[in-house]
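To start, the structure under review is shown below, and the notes come after it.
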Amino acid sequence: MSRQQVLIAIRRALQGRHPTPLPEVRTSKGAPELGWDEFETALTEAQGTFIHPIGVDALAERIATITGGEHHCSGAAAELLNQPALSLPPAEVDGLPWVVASGFLAVATTGSVAVRADEVPQRLHLVLAENLILLVPADALVNDLWDLYGRIAPESLAGGYMTLISGPSKTADIELELVTGAHGPFSLTVIAYT
Amino acid sequence: MTSLRNRLDSALAQPSRVKGFDSRAWDLHSRRTVAASKLPHWEELRQRAAEIKAHTLSRLDHYLEQFADRAESAGAVIHFAADASAANRIVAELCQKRGAKLVTKSKSMTTEECKLNDHLEGLGIEVIDTDLGERIVQMLKEPPSHIVAPALHRTAVEIGELFAEQLGTPRGEKDPQLLTAAARVHLRPFFLGAEVGVTGVNFAVAETGTITVVENEGNSLLSTSVPELHIAVMGIEKVIPRLADLGVFLNILARSATGQRISIYTTHYTGPQRDNDRNRELHIVILDNKRTELLGQEDHARSLSCIRCGACLNVCPVYRRSLGHAYAWTYSGPIGSVLGPAMAPPGGEELPFASSLCGACTEVCPVKIDLHQQLLRWRGEMISARRAPRPSVRFLASLFRHPRLFRLAARLGTTALKVPWIRRRSLRSWQGSGTAQRHAPTPAKQSFTQWWRDRSRNQP
């Protein structure tokens, strides 16, 4: 069935009916600005860990403390930390103990980090490692999802991906008991940096 | 196919299984209640969501066209499918063009509706459902029992037995943590070896041509990221106008489904990812499959607003005692019952009668579908069209239309109910399933009509 046939079927179905109004976009304009404490609350609720802003020069050492030096850096994070970028095939990324990647925005009310192709071209790195660390600039926190989408130029999405990561991989499919590390990382640590 | 009544009876004949299922569904409902209460503007969000959906459906042709155009500009290939067979054919051809023998699929009720797995397997293409709950039911060769938690009807003990048999886990193991770890190891080679990834679509944004896929496990991201070909299957009703509208829907979806603020992974795909090393393709199959018929019925079009959260299932007293499978269709519970008469296979006209009309479903629906009103309207239409499933319902409808006959039947019925034996058996014969424990009360000495007449006569 062609596009036109489906569209004709829809128009026939809607014949004689008037469109209803579209509500305005909701924004948090005028609302008090939320801080990293709110982000931490949301992320912790989802079994994630948050490290409050540290200087960019202290990042490498802090990460090494968490990972015991057993980490690989993906994409822009490698550049930020002045370390070699992860370039292994998927089968070899699978099971790596730690991967460090960068996000470009964080959302306070949901504890989410927005990651896109610009910073993490190999999105497999986000799900194949055993544990994930996401770095996000301290001034990149927005209040809520409306703020997030308000900051994104629609045309910038084409040819890429954007994923909001809001905790470690999890499932409750067996008697609703929560288990982390379903298929993706067992843990998520978010570090904000200045 | 057996009748709905018989299927419900079969479910109720397993009281301990029903008790567990009921308890787990109610648990999901409780989580939803807590999560919703923490959002001070929850009702405002519901209202907005309802208005956005109503507007979108009223201009569905415009937004679908916009979505298709924008997605194509971003490099996606759009296919329209009139029905399930067409959708299956499109997906199969895409797989065969690639010579694919292994497909990984993340949770998609739309592909379940189409019976895509059966179709591909008939062509020698192996399909692995990668969501843990879906993989469990696939291994059991059963359909999912719940939109969000496909294996809700199964206990950890049963899943442990299944894994011991098929995955070699230790006999008697029932710890969900260890069973999940076993599933992770079991599914990894399929993820890494798949040639095609198939997903559903939670929302399709017309403004940008973006599809959004929401999940907690990471299986969808894996399914779309290893293979070069990603096929996304969506119903025509999944489109929303603006990127910003996701702010409304993402807030209400996870809270309604599982009680979370937001799902763990919310991935937006706008065309295939430009990748120097790989030849990525994104194909989006847009499915009608009788949705336009429902759209054409003004009384019922609103049911197309559904965002598949499962909240109505979790609160429904009938669904919670049905083990999920009694509906004998992809969609169960109240939403399954309002979609069923238009979209389900034969037997779907019974589904609106599987309800006590308590209205709890309407109260919890995040997009404010008037579910219990829709069920009542469907019942009226079934009776008018003489499609009501039980002769007793049609008989009662005739009785209510003839006042004298109704009064006579009431007098005879009241007299009969004075006989204890008849009183004990009366509800069972009218209602069937689940009323074995109920007895009709002893009727009053006078009916209200008689009392009122006597009172009116005696008043000065």
Side-chain angles (χ1 to χ4, degrees), chain A residues 1-3 5-7 9-14 17-23 25-26 42 45-46 90-91 94 109-112 117 121 123-124 126-127 144-146 149-150 152 154 157-177 179 181-184, chain B residues 24 27 48 51-52 54-55 58-61 65 68 74-75 80-82 86 132-133 149 151 155-156 159 176-177 179-180 184 188 192 207-208 210 216-219 221-222 225-226 241-244 246-248 250-251 261-262 264-271 273-274 288 292 295-296 298:
Chain A
M1 198 188 209
S2 69
R3 173 192 299 213
Q5 283 173 297
V6 171
L7 294 174
I10 294 172
R11 284 174 198 135
R12 196 180 301 130
L14 293 174
R17 309 225 290 254
H18 297 293
T20 62
L22 178 65
V25 170
R26 192 181 185 279
E45 211 174 88
D94 181 32
T109 51
T110 57
S112 309
R123 62 187 193 237
L124 268 181
L126 301 169
V127 274
D144 56 30
L145 293 172
W146 292 281
Y149 289 117
I152 294 170
L157 290 171
Y161 75 92
M162 181 181 74
T163 190
L164 305 180
I165 301 180
S166 311
S169 151
K170 58 172 64 156
T171 183
D173 273 348
I174 300 177
E175 286 201 25
L176 297 184
E177 188 163 318
V179 175
H183 301 294
Chain B
R24 290 189 286 278
D27 189 346
R48 273 184 187 261
E51 288 169 5
I52 293 168
H55 167 81
S58 73
R59 296 200 66 204
L60 189 59
D61 53 329
E65 205 160 21
F80 280 83
L132 177 59
T155 63
I159 295 167
Q177 187 106 22
L179 294 175
T180 303
R184 180 187 174 106
R188 216 34 152 226
L192 294 176
E207 181 187 13
T208 54
T210 301
N216 284 308
E217 297 183 9
N219 59 303
L221 205 43
L222 277 168
S225 304
V226 173
R242 305 164 297 200
L243 199 62
L246 285 172
V248 173
L250 293 177
N251 264 309
R261 289 185 192 226
I262 190 171
I264 297 297
Y265 302 99
T266 305
T267 307
H268 310 62
Y269 302 94
T270 310
Q273 186 182 342
R274 280 181 222 114
D288 180 353
T292 47
L295 184 67
E298 203 166 353

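Residue numbers start from 1 in every chain, and the chains themselves are labelled A, B, ... in the order their sequence lines are given, proteins ahead of strands. Just so you know, these numbers use all the heavy atoms, side chains as well, and skip hydrogens, waters and symmetry mates.
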query: Which bit of Pro21(A) comes within less than 4.5 Å of chain B, counting heavy atoms only: side chain, backbone, both or neither?
result: backbone
- prompt: Do Thr163(A) and Tyr269(B) come within less than 4.5 Å of each other through their side chains, counting heavy atoms only?
  reply: no
task: Would you give the length of the straight line joining atom CG of Leu145(A) to atom CG of Leu246(B), rounded to the nearest 0.5 angstrom?
output: 8.5 Å
- prompt: Counting distance only, does the side-chain N/O of Glu175(A) pair as donor-acceptor with the main-chain N or O of Ala156(B) below 3.5 Å?
  reply: yes
task: Taking the side chain as every heavy atom from C-beta outward, state whether Tyr265(B) and Val127(A) have any atom pair closer than 4.5 Å.
output: yes
- request: Provide the closest heavy-atom pair for Val25(A) versus Ala244(B) in the form atom of the first, atom of the second, distance.
  value: CG1-CB, 3.4 Å
query: So which of Arg24(B), Glu298(B), Gln177(B) has the biggest tally of heavy-atom pairs under 4.5 Å with chain A?
result: Glu298(B)
- request: Using the ring-ring contact (aromatic ring centres under 6.0 Å, His included) rule, take His268(B) and Tyr149(A) through it: C-alpha gap first, then chi angles, then the decisive distance, then the call.
  value: CA-CA 12 Å; His268(B) 310 62; Tyr149(A) 289 117; 5.7 Å; yes
SB check Arg11(A) Glu65(B) (cutoff 4.0 Å): yes
query: Tell me, do Met162(A) and Thr267(B) make a side-chain contact under 4.5 Å, heavy atoms counted?
result: no
query: Do you know which of Gly167(A), Gly159(A), Gly184(A) has the most heavy-atom pairs with chain B at a distance under 4.5 angstrom?
result: Gly159(A)
query: For Arg184(B), is it the side chain, the backbone, both or neither that has a heavy atom under 4.5 Å from a heavy atom of chain A?
result: both
query: If you measure from CG on Leu132(B) to CG on Asp173(A), what distance do you get to the nearest 0.5 Å?
result: 5.0 Å
statement: Highest number of heavy-atom pairs under 4.5 Å with chain B among Glu177(A), Glu45(A), Lys170(A) belongs to Lys170(A)
task: Tell me, with the steps shown, if Thr20(A) and Glu51(B) meet side-chain contact (heavy atoms from CB on, under 4.5 Å).
output: CA-CA 8 Å; Thr20(A) 62; Glu51(B) 288 169 5; over 6 Å; no
message: For chain A, which candidate among Val226(B), Thr208(B), Val248(B), Leu243(B) shows the most heavy-atom pairs at distances under 4.5 Å?
response: Leu243(B)
task: Would you kindly say whether Glu217(B) and Thr171(A) are connected by a side-chain donor-acceptor distance under 3.5 Å?
output: yes
message: Report which part of Ile52(B) has an atom under 4.5 Å of a heavy atom belonging to chain A: side chain, backbone, both, or neither.
response: both
statement: Rounded to the nearest 0.5 Å, the CG atom of Asn251(B) sits from the OG1 atom of Thr110(A) at a distance of 7.5 Å
- line: Rounding to 0.5 Å, atoms CG (Leu164(A)) and CG (Leu250(B)) come to a distance of 7.5 Å
query: What's the spacing between Ile174(A) CD1 and Ile159(B) CD1 if we round to 0.5 Å?
result: 4.5 Å
task: Determine the minimum heavy-atom distance between His183(A) and Asn219(B), stating which atoms define it.
output: CD2-CB, 3.5 Å
message: In the structure I gave you, are the side-chain heavy atoms of Ser166(A) and Arg261(B) within less than 4.5 Å of one another anywhere?
response: no
- line: Smallest heavy-atom separation, Leu22(A) atom then Pro241(B) atom, equals CD1-CG, 3.9 Å
task: Would you mind reporting whether Ile262(B) and Ser112(A) have side-chain heavy atoms less than 4.5 Å apart?
output: yes
query: What heavy-atom pair brings Ser58(B) and His18(A) nearest, and what distance separates the two atoms?
result: CB-O, 4.2 Å
- request: Under 4.5 Å heavy-atom distance to chain A, tell me which part of Thr210(B) shows up: side chain, backbone, both or neither.
  value: side chain
field: CG on Leu176(A) to CG on Asp27(B), rounded to 0.5 Å
entry: 5.5 Å
query: What are the two closest heavy atoms between Ala9(A) and Thr292(B), and how far apart are they?
result: CB-CG2, 4.0 Å
- prompt: Does a side chain donor of either Ser225(B) or Arg123(A) reach within less than 3.5 Å of an acceptor in the other side chain?
  reply: yes
- request: Output the option from Pro176(B), Gly296(B), Gly218(B) having the highest count of non-hydrogen pairs under 4.5 Å with chain A.
  value: Pro176(B)
field: Leu14(A) and Leu295(B): CA distance, side-chain angles, deciding distance, side-chain contact (heavy atoms from CB on, under 4.5 Å) verdict
entry: CA-CA 7 Å; Leu14(A) 293 174; Leu295(B) 184 67; 4.0 Å; yes
- prompt: Is it the side chain or the backbone of Arg26(A) that comes within 4.5 Å of chain B heavy atoms, both, or neither?
  reply: both
- line: Nearest heavy-atom contact between Ala46(A) and Ile264(B) is CB-CD1, 4.4 Å
